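First up is the structure itself, then whatever we jot down about it.
First the proteins, then the strands, lettered A, B, ... as listed; each starts at 1. Basis for what follows: all heavy atoms, side chains included, without hydrogens, waters or symmetry-related copies. For clarity, every value in this text was computed on a predicted model and none was experimentally measured.
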Amino acid sequence: MNGDPHIGHAVDYCLADVCARYYRLLGDDVKFQAGTDEHGSKIAQKAADFGINEKEFVDEKVDKFKDFIKKLNVSYTDFVRTTDDWHEKRVQEIWRKLSKHIYKASYKGWYCTGCERFITDKEYEENDGICPDHQKSYEKLEEENYYFKISDFKEQIKEAIESDKMLILPDFRKKEILKLLEESPDVSISRPKSQLQWGIAVPDDDSQVMYVWIDALSNYITILDYPEKDISNWWPARAQFVGKDILRFHAIIWPAMLLGLGLPLPQTIVSHGMILADGKKMSKSVGNVVDPIEVIDKYGLDAFRYFFLRHIDTFNDSDFTWTKFEDAYNNELANDLGNLVQRLATLANKNNIIVDESKHGIKMLSKDYCDLMNNFEFAKSFDLVWEKIQGLNRRIDEEKPWALAKNGEKVKLEECLQSIIADLLKINIELSPFIPETTEKISKVFVGLVKPPEKPLFPKN
RNA sequence: CGCGGGGUAGAGCAGCCUGGUAGCUCGUUUGGCUCAUAACCAAAAGGUCGUUGGUUCAAAUCCAACCCCCGCAACCA
C-alpha cells in the first residue's frame, strides 16, 4: 500500500468478488476479507518523502483504499489494517508460536545505502559494483536477522502443491513455485531497528522489527481472532487471490507459517496476471498508467467490471487499451446486452406481457457455468454467459414476435415472449456475480407489467 | 545453459495435453429484418499456424535444434 489504489488492485478485488458472489449464489455463507498491508520499508520511505510520519501516511491511504473498494461494489465482509492493535498483538503471538522454527543469524551481502536494501550478487556484477540509481558503490554489510526455517516444511509444502491439496492456479505457476520451493533458502523475517522502525516489534527483542510479509500474511487468520479463538469454521480459506508477483510469498512462506502453527493450508491460491498498457508494463515514469477511477467515472462501474473480468485473462497478463475497452463497451455491452433488454422490454410492453415474479426466483445454474466457475475460469465462464445472450438475440430474430403480433396470434406471442424473458432472467442470474448493478436493473425491468428501462443500460455517446 | 510465458487471417485470441478437412471475436464487404441504443440476424473475403529438420499414411498439434518478443529473479496486484 505504498501508493494509491491502481488497476491491479482493482482486478484482484473484482476476481475475489466474483468468487464470493458465485458461492453466495450457491447458497454458501461467504466470508470475504480484504485489507491493507501498512508496514515495511517502502511505506516508511514514502512517508519520509512526504515529510509526515508513517501513521499519518497510512491513515490517509487506507481511506482511499476503502473508498476504492466501495466504488468497485466489492462485497467484502471483513477488513484488516495491519496496523490495527489487535492484528499486531496476534502477529506477535504467532511469532511466539513459531519460535521453534526461528533462529538468529547474520546476513552478509552487498548493500546500497541509497536504496537502503541488499542486492543480489548477480545484480552486483551486472552493475559493476555501482548502484545505477544512486551512482554509489555498493558496500559489504553484515547484519543480524531472525530466520524462519522454511526447510522444516519444504517436503510437506511440496506434497501439498503436487497433490493439489493446496491447488495453485494456473498450472504453469504451480510448476514455477515447485521449482522455486526446491531452491528456497530459509527466509529472513526481521530487520534491525537501526535500518527500519516501521514494523511490528519482534517479541522479546527490542532491536528488531518483523519482516512485512510475516505480518501481512498473518492477516488471513488474525481476522478470525486467531489465536484466541478456534478458527475451523472459516479456515482453511476456499481461495486466496494474489498477483503473480506475490505468489511466492503466499505459496511458500505462508504455508510454512501455517504448518508451523499446525493449521491447514488454503485450498486454492489463484494467481492472476498483470494489466499491461498497450503491451507494456504500466509505470509512472513511462506515464502510461491507466487510472481505474477515470474508467469508472467515464463508463460506469459495470462496464469496468465487464472488461476486466471478461477480456482480461484470469490467469495471464493482458492488455488494456482504450480502443479495446470502447469496442467492448459498444459492441457487447450496448449492442448485445443493452439492446437485447431494450428490444425485449419494448416488445413485451407493447403486448402487455406480465411477468410472474414467483416463477423466476429459482437459481438454476447450468452445469457448464458451474464447472468453469468452480475452476476459477471466470473469463471463460463469462464468455459462456455471453454466448447465451447472443443466442437470445438470434432467437428473437428467428421467432419474429413482431410478426406474431401483426397476425394477431396472441397465444403464440405470449408464449414466445414469456419463454424468452424466462431465459433472459436465467441468464441474468449467471451474470450477477460479474455485473451485479446491471443484473439488478434487468430484474426490475422484467417484473409485473414489463416496462423498458427509462435510460438505456449502456448508453452510447 | 537461472526460471517461466508467448510467436496461428488487418487486430486480439482459442485449438496443441488425447495428431486426421484451421476456429472465435472485432474490423472489412454483401444480403436480410424492422421489435430495438444507426441496434439485430445471415453470408463472404482474408492464414505456406516463428524457422529448419525428424517421427508418421497424416503435424498448428509429437520430438530435436534454432530465431524473436515478454515477464520473474525477496518485500511491486
Side-chain angles (χ1 to χ4, degrees), chain A residues 1-3 5-15 37 39-43 117-120 122-123 170-173 175-180 182-185 187-189 191 196 199 211-216 241-249 252-253 271-276 279-283 310-311 313 315-319 321 323-324 327-328 330-351 379-380 383 386-387 390 392-406 417 452-453 455-461:
Chain A
M1 199 189 65
N2 50 53
H6 56 65
I7 209 133
H9 299 118
V11 169
D12 203 35
Y13 293 135
C14 287
L15 287 172
D37 168 16
H39 288 123
S41 56
K42 289 230 162 146
I43 286 166
R117 70 180 182 98
F118 283 97
I119 57 142
T120 59
K122 190 169 179 194
E123 212 174 331
D171 194 57
F172 65 83
R173 294 284 171 223
K175 281 188 214 147
E176 202 174 71
I177 287 296
L178 280 170
K179 203 83 165 200
L180 215 57
E182 258 170 54
E183 299 157 4
S184 215
V187 59
S188 160
I189 54 165
R191 300 296 308 275
L196 175 71
Y211 174 55
V212 286
W213 278 106
I214 294 295
D215 158 10
F241 292 84
V242 302
K244 67 173 185 185
D245 52 340
I246 58 166
L247 174 62
R248 58 183 55 204
F249 305 107
I252 297 175
I253 299 178
S271 158
H272 62 257
M274 302 288 172
I275 310 298
L276 307 175
K280 293 195 185 102
K281 204 172 166 176
M282 287 188 200
S283 84
R310 179 156 184 237
H311 291 299
D313 189 279
F315 302 121
N316 285 297
D317 289 356
S318 304
D319 204 28
T321 66
T323 311
K324 279 185 193 175
D327 282 352
N330 288 322
N331 294 327
E332 296 162 16
L333 282 173
N335 294 353
D336 288 343
L337 179 60
N339 183 54
L340 170 65
V341 169
Q342 198 72 36
R343 69 195 296 211
L344 188 54
T346 306
L347 277 166
N349 181 265
K350 282 184 180 170
N351 297 291
K380 285 193 180 130
D383 278 343
W386 214 261
E387 275 171 33
Q390 291 167 323
L392 278 192
N393 269 323
R394 206 174 309 132
R395 199 171 140 199
I396 294 176
D397 271 60
E398 281 163 6
E399 299 190 5
K400 300 181 179 41
W402 57 89
L404 296 176
K406 217 178 248 174
L417 289 178
K455 282 184 217 153
L457 293 179
F458 300 100
K460 291 201 214 171
N461 301 321

Both distances under 3.5 Å, Watson-Crick or G-U wobble: report the partner of [N], or none.
{"N": "B:rC66", "value": "B:rG50"}
{"N": "B:rU56", "value": "none"}
{"N": "B:rA39", "value": "none"}
{"N": "B:rC3", "value": "B:rG71"}
{"N": "B:rC16", "value": "none"}

Mind checking the [atom1] distance from [N] to [M]? Whole angstroms is fine.
{"N": "B:rC13", "M": "B:rG2", "atom1": "C1'", "value": "30 Å"}
{"N": "B:rA64", "M": "B:rU56", "atom1": "C1'", "value": "16 Å"}
{"N": "B:rG47", "M": "B:rA22", "atom1": "C1'", "value": "8 Å"}
{"N": "B:rC16", "M": "B:rC62", "atom1": "C1'", "value": "10 Å"}
{"N": "B:rA44", "M": "B:rC24", "atom1": "P", "value": "10 Å"}
{"N": "B:rA11", "M": "B:rG27", "atom1": "P", "value": "16 Å"}
{"N": "B:rG15", "M": "B:rA9", "atom1": "P", "value": "15 Å"}
{"N": "B:rU28", "M": "B:rA45", "atom1": "C1'", "value": "9 Å"}

Side-chain N or O of [X] less than 4.0 angstrom from OP1 or OP2 on [N]?
{"X": "A:N351", "N": "B:rC35", "result": "no"}
{"X": "A:N335", "N": "B:rC40", "result": "yes"}
{"X": "A:R248", "N": "B:rC72", "result": "no"}
{"X": "A:K460", "N": "B:rA39", "result": "yes"}
{"X": "A:K175", "N": "B:rG4", "result": "no"}

What nucleotide among [options] has an atom nearest to a side-chain atom of [X]?
{"X": "A:R343", "options": "B:rA74, B:rG4, B:rC40", "answer": "B:rC40"}
{"X": "A:M274", "options": "B:rA77, B:rU37, B:rA36", "answer": "B:rA77"}
{"X": "A:D397", "options": "B:rA36, B:rA74, B:rC40", "answer": "B:rC40"}
{"X": "A:R394", "options": "B:rC75, B:rA77, B:rA42", "answer": "B:rA42"}
{"X": "A:Q342", "options": "B:rA36, B:rG4, B:rC33", "answer": "B:rA36"}
{"X": "A:D245", "options": "B:rC35, B:rC3, B:rA77", "answer": "B:rA77"}

[X] near the nucleic acid: base, sugar-phosphate alone, or nothing, with a heavy-atom cut-off under 4.0 Å?
{"X": "A:G338", "result": "base"}
{"X": "A:L340", "result": "nothing"}
{"X": "A:G243", "result": "sugar-phosphate"}
{"X": "A:V212", "result": "base"}
{"X": "A:F458", "result": "base"}
{"X": "A:K42", "result": "sugar-phosphate"}
{"X": "A:Y211", "result": "base"}
{"X": "A:V242", "result": "sugar-phosphate"}
{"X": "A:H6", "result": "base"}

Within this structure, what is the [atom1]-to-[atom2] distance between [X] and [N], rounded to whole angstrom?
{"X": "A:K179", "N": "B:rA74", "atom1": "NZ", "atom2": "C1'", "result": "20 Å"}
{"X": "A:W386", "N": "B:rU25", "atom1": "CH2", "atom2": "C1'", "result": "13 Å"}
{"X": "A:D319", "N": "B:rG7", "atom1": "CG", "atom2": "P", "result": "15 Å"}
{"X": "A:H39", "N": "B:rA74", "atom1": "NE2", "atom2": "P", "result": "23 Å"}

Charged N to carboxylate O below 4.0 Å: is that the case for [X] and [Y]?
{"X": "A:D397", "Y": "A:R343", "answer": "yes"}
{"X": "A:R310", "Y": "A:E332", "answer": "yes"}
{"X": "A:K179", "Y": "A:E176", "answer": "no"}

Can you say whether a donor on the side chain of A:N339 sits under 3.5 Å from an acceptor on the base of B:rA36, or the other way round?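 Donor-acceptor pair under 3.5 Å: yes.
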Hey, could you give me the CG/CG distance between A:L417 and A:L347, rounded to the nearest 0.5 Å?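 One gets 6.0 Å once the value is rounded to the nearest 0.5 Å.
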